[in-house]
Amino acid sequence: VQLQASGGGLVQAGGSLKLSCAVSGRAFSNAVLAWFCQHPGKEREFVASIDWSGRKRVSADSVKGRFTISVDNVADNAKNTVYLQMSSLKPEDTAAYFCAARDGSVHYREKIQYPYWGQGTQVTVSS
């Protein structure tokens, strides 16, 4: 399974950014896709997750109302994209953002529960 994250960059406080994560290499029949962020010197922490069908979403309290996770499934189910639309960005949102995937239907918030990871994409919010 390959996950390729993109879309990070520099944005002013109050601005918006949309992250993408292309998931390929295997067809999932049931999976949870998630975004985590990691601030310098800190542990990687949960941001949001969505199931493969897009019907259930879970978000961290710190991003509720500002960040939206979505998934774009194609017919062959072996190549899909998960997005993180980030709005009303704050300087404290500055971090490296990682996408992750796991089989099953449980929306875990612990990074250890996700065996598949993409590389990070840096988001920097200036004040």
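- Partners of Lys56 under the salt bridge (charged side-chain N to carboxylate O under 4.0 Å, His left out) rule, at least two apart in sequence or in another chain, do not exist in this structure.
- Under the side-chain contact (heavy atoms from CB on, under 4.5 Å) criterion, Ala5 pairs with Trp35, Cys99, Gln119, Thr121, sequence neighbours left out.
- Through direct or indirect side-chain contacts shorter than 4.5 Å among Ile, Leu, Val, Met, Phe, Trp and Tyr, Val106 is connected to Val32, Phe36, Phe46, Val58, Phe98, Tyr108, Tyr114, Trp117.
- Listed by chain and number, the residues in a side-chain contact (heavy atoms from CB on, under 4.5 Å) with Gln2 are Ser24 (sequence neighbours excluded).
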Name the atoms and distances for all side-chain donor-acceptor pairs under 3.5 Å in residues 6-23, with sequence neighbours left out.
none

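- Annotation: side chain of Arg55 is not in contact with side chain of Ile50 (no heavy-atom distance under 4.5 Å).
- Residues His107 and Arg57 have side chains not in contact (no heavy-atom distance under 4.5 Å, counting atoms from C-beta outward).
- Residues Lys90 and Ser127 form no side-chain contact, since every pair of their non-hydrogen atoms from C-beta on lies 4.5 Å or further apart.
- With sequence neighbours left out, the disulfide (SG to SG under 2.5 Å) criterion links Cys37 to no other residue.
- In terms of the side-chain contact (heavy atoms from CB on, under 4.5 Å) criterion, residue partners of Ser105 (sequence neighbours excluded) are, by chain and number, Asn30.
- No donor-acceptor pair under 3.5 Å is formed between the side chain of Thr68 and the backbone N or O of Gln85.
- With a 4.5 Å cut-off on side-chain heavy atoms, Val82 and Ile69 count as touching.
- The side-chain hydrogen bond (donor to acceptor under 3.5 Å, both in side chains) search around Arg44 returns Gln38, not counting sequence neighbours.
- Under the 4.5 Å side-chain criterion, counting only non-hydrogen atoms from C-beta, Leu3 is in contact with Val1.
- Under the rule for a side-chain contact (heavy atoms from CB on, under 4.5 Å), the partners of Val63 that lie at least two apart in sequence or sit in another chain are Val47, Ser59, Ala60, Arg66, Phe67.
- Considering CG of Asp51 and CG of Leu33, their distance stands at 8.5 Å, rounded to 0.5 Å.
- When all heavy atoms are compared, the tightest approach of Pro115 to Arg102 is CD-CB, 3.8 Å.
- Residues Val71 and Tyr83 form no side-chain contact, since every pair of their non-hydrogen atoms from C-beta on lies 4.5 Å or further apart.
- Applying the salt bridge (Lys or Arg N to Asp or Glu O under 4.0 Å) definition to pairs two or more places apart or across chains, those involving residues 105-121 are Glu43-Lys111.
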